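Have a look at this one before I ask anything.
The residues of the chain are indexed from 1 along the displayed sequence. Computed over heavy atoms, backbone and side chain alike; hydrogens, waters and symmetry mates excluded. Since this is a predicted model, take the numbers as computed values, not measurements.
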Amino acid sequence: MARIEWQSASVREGAVAVTVAPTQVVEASMPGERGKALLSGGCDHEVRELRPYLVEARRWNGEQVVEVHCIDAALARQPLVLGFWASGCPQAKVGDGGQVRTFANVTSIELGPQEIAVTCESELGANGQPLPAGVMVDQQVMDELAELRQARPALEARVAQLEADLDAARRAASQAQRDAGDRARLLAQIEGLRSDNEALQRTLRSQAESRVSGAAVQREGLERQLAEKLEAADQAERQLADLSAQVAAAQSRVEELEREAAGRRAQIGALDDVANLTDEDIARLDAQLDSLARRMGYDQGSVELMASDPYLTGGSVAEALQQASEQLDLAEQRMVALTRTREAYLMRVQSSITTTSGDGTIALSDELRRGDDGV
């Protein structure tokens with residue numbers, strides 16, 4: 001058996017197609033028993049995933065085509081092995097995108113990240129005949145190659161770790177550069193802010209000084225205005241006191257006028273009573289006056305008799321006659337005053353009605369005016 005190897009990056013970058021007989025059973029596996037997938041012969045279409053590879057089998061033109069795709073190039077460090085049951089595969093075609101090679105009596109096909117290895121009896125040419133022996137390796141070489149293959153994962157892990165460390169160092173350096181740039185920008189911003197702050201402080205101090213001076217001037221003006229307003233307030237208080245005194249005097253005068261008006265109204269009522277006297281009332285009063293006069297004459301004779309008679313000069317009778325005489329005089333005077341007042345009132349009423357300049361009303365002063373006798 002021979003092992004034929006060649007370099008190919010199609011597994012990592014694209015896909016490798018293996019064409020076998022339609023009844024061939026193909027087993028796909030990863031080293032270290034990480035996973036296996038059995039693809040039965042004669043199936044129209046099957047898909048198996050052995051991360052980071054995807055194995056797809058389908059029928060095409062009377063043959064079975066097994067395509068291997070790499071779905072995660074960063075994890076493609078181990079080869080994918082295609083094995084054949086029973087006595088192997090009589091004939092298999094391997095296409096890696098660049099060329100298609102045909103092999104006879106194939107026992108396994110290893111699809112690595114960047115190389116392909118086929119263990120077979122021989123490689124067939126275009127005419128179907130075996131090609132001259134290619135790279136033939138003995139068992140010792142194969143054992144050494146197996147040891148290298150076993151050590152390869154550790155080396156690849158180390159390389160991956162170194163690459164990761166390198167990427168981390170690069171990221172750290174880039175971050176440091178960005179941090180340095182950010183620090184420089186921040187320093188520039190801080191310096192600018194410091195300058196702006198100083199300018200703002202100067203402006204604020206200038207504005208504060210200006211406002212303080214303006215406030216002092218304004219305060220003086222306000223103090224003068226306050227003094228003037230206080231003086232005006234004092235004057236207003238004095239005026240208010242004067243007005244209060246005037247109001248009190250006016251109230252007193254109003255009360256006095258109200259009392260005088262009440263007296264006048266009483267007088268008006270008396271005059272209304274006089275004005276309402278009828279001729280019958282006057283005739284009745286005249287009759288009473290005549291009766292009193294006659295009685296006075298009779299009483300006068302009695303008085304003279306009593307005065308001349310020494311037996312009738314008792315004090316009690318004389319005093320009674322004296323009081324009766326005084327009452328008679330007062331009644332006569334009252335009667336005369338009422339008569340005169342009534343005549344004067346009627347004359348004023350008639351004058352206000354009959355004269356051309358009159359309006360039919362009597363002035364309050366005439367209503368309140370007293371008669372000639374002072375009543």
Open item on the list: Please determine whether residues F103 and V65 belong to a single hydrophobic cluster, defined as Ile, Leu, Val, Met, Phe, Trp and Tyr linked transitively by side-chain heavy-atom distances below 4.5 Å.
Closed with: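 Different hydrophobic clusters.
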TODO: State whether the side chain of D96 and the backbone N or O of Q99 hold a donor-acceptor pair below 3.5 Å, judged by distance alone.
DONE: yes
Open item on the list: As an exercise, state the distance from CD of Q64 to CG of D44, rounded to the nearest 0.5 Å.
Closed with: 10.0 Å
Task: Distance, nearest 0.5 Å, that separates OG1 of T23 from CD of E63 - done: 11.5 Å
Open item on the list: Distance check, rounded to the nearest 0.5 Å: L193 atom CG versus E198 atom CD?
Closed with: 11.5 Å
Task: Connected via hydrophobic side-chain network under 4.5 Å: V26 and L54 - done: no
Task: Sidechain-backbone polar pair: S213 side chain, S210 backbone, donor-acceptor under 3.5 Å - done: yes
Open item on the list: When you group the ILVMFWY residues by side-chain heavy-atom contacts below 4.5 Å and let the links chain together, are Y53 and V81 in the same group?
Closed with: no
TODO: Over all heavy atoms of both residues, which pair between R58 and H45 is shortest? Give the atoms and the distance, please.
DONE: CB-CD2, 3.9 Å
Open item on the list: Tell me whether M30 shares a hydrophobic cluster with V18, the cluster being built from Ile, Leu, Val, Met, Phe, Trp, Tyr side chains joined at under 4.5 Å.
Closed with: yes
Task: Working for side chain to side chain contact (heavy atoms under 4.5 Å, CB included), residues F84 and T107 - done: CA-CA 6 Å; F84 303 94; T107 58; 6.0 Å; no
Task: Test side chain to side chain donor-acceptor pair (under 3.5 Å) applied to E123 - qualifying residues, sequence neighbours left out - done: R101
Open item on the list: So that I can tick it off, tell me whether R48 and E46 are bridged by a salt bridge, with the cut-off set at under 4.0 angstrom between side-chain N and carboxylate O.
Closed with: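 Yes, this pair counts.
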TODO: Report whether L124 and V94 are members of the same hydrophobic cluster (ILVMFWY, side-chain heavy atoms less than 4.5 Å apart, transitive linking).
DONE: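 No, L124 does not connect to V94 through the hydrophobic network.
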Open item on the list: Once rounded to the nearest 0.5 Å, what's the spacing between atom CD1 of I116 and atom CG of L80?
Closed with: 11.5 Å
Open item on the list: Salt bridge check, R224 against E228: does any charged N sit closer than 4.0 Å to a carboxylate O?
Closed with: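 Salt bridge between E228 and R224, a charged N being under 4.0 Å from a carboxylate O: no.
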Open item on the list: Using the side chain to side chain donor-acceptor pair (under 3.5 Å) definition, which of the options Q175, Q177, R183 pairs with D179?
Closed with: Q175
Open item on the list: Would C120 and N105 count as a side chain to side chain contact (heavy atoms under 4.5 Å, CB included) here? Give the steps.
Closed with: CA-CA 5 Å; C120 60; N105 298 324; 5.8 Å; no
Open item on the list: Checking side-chain polar atoms at under 3.5 Å, does S174 have a donor or acceptor matched by the opposite partner on R170?
Closed with: no
Task: Lys/Arg-Asp/Glu bridge criterion (N-O < 4.0 Å) met for E256, R253 - done: yes
Task: SB check R51 D72 (cutoff 4.0 Å) - done: yes
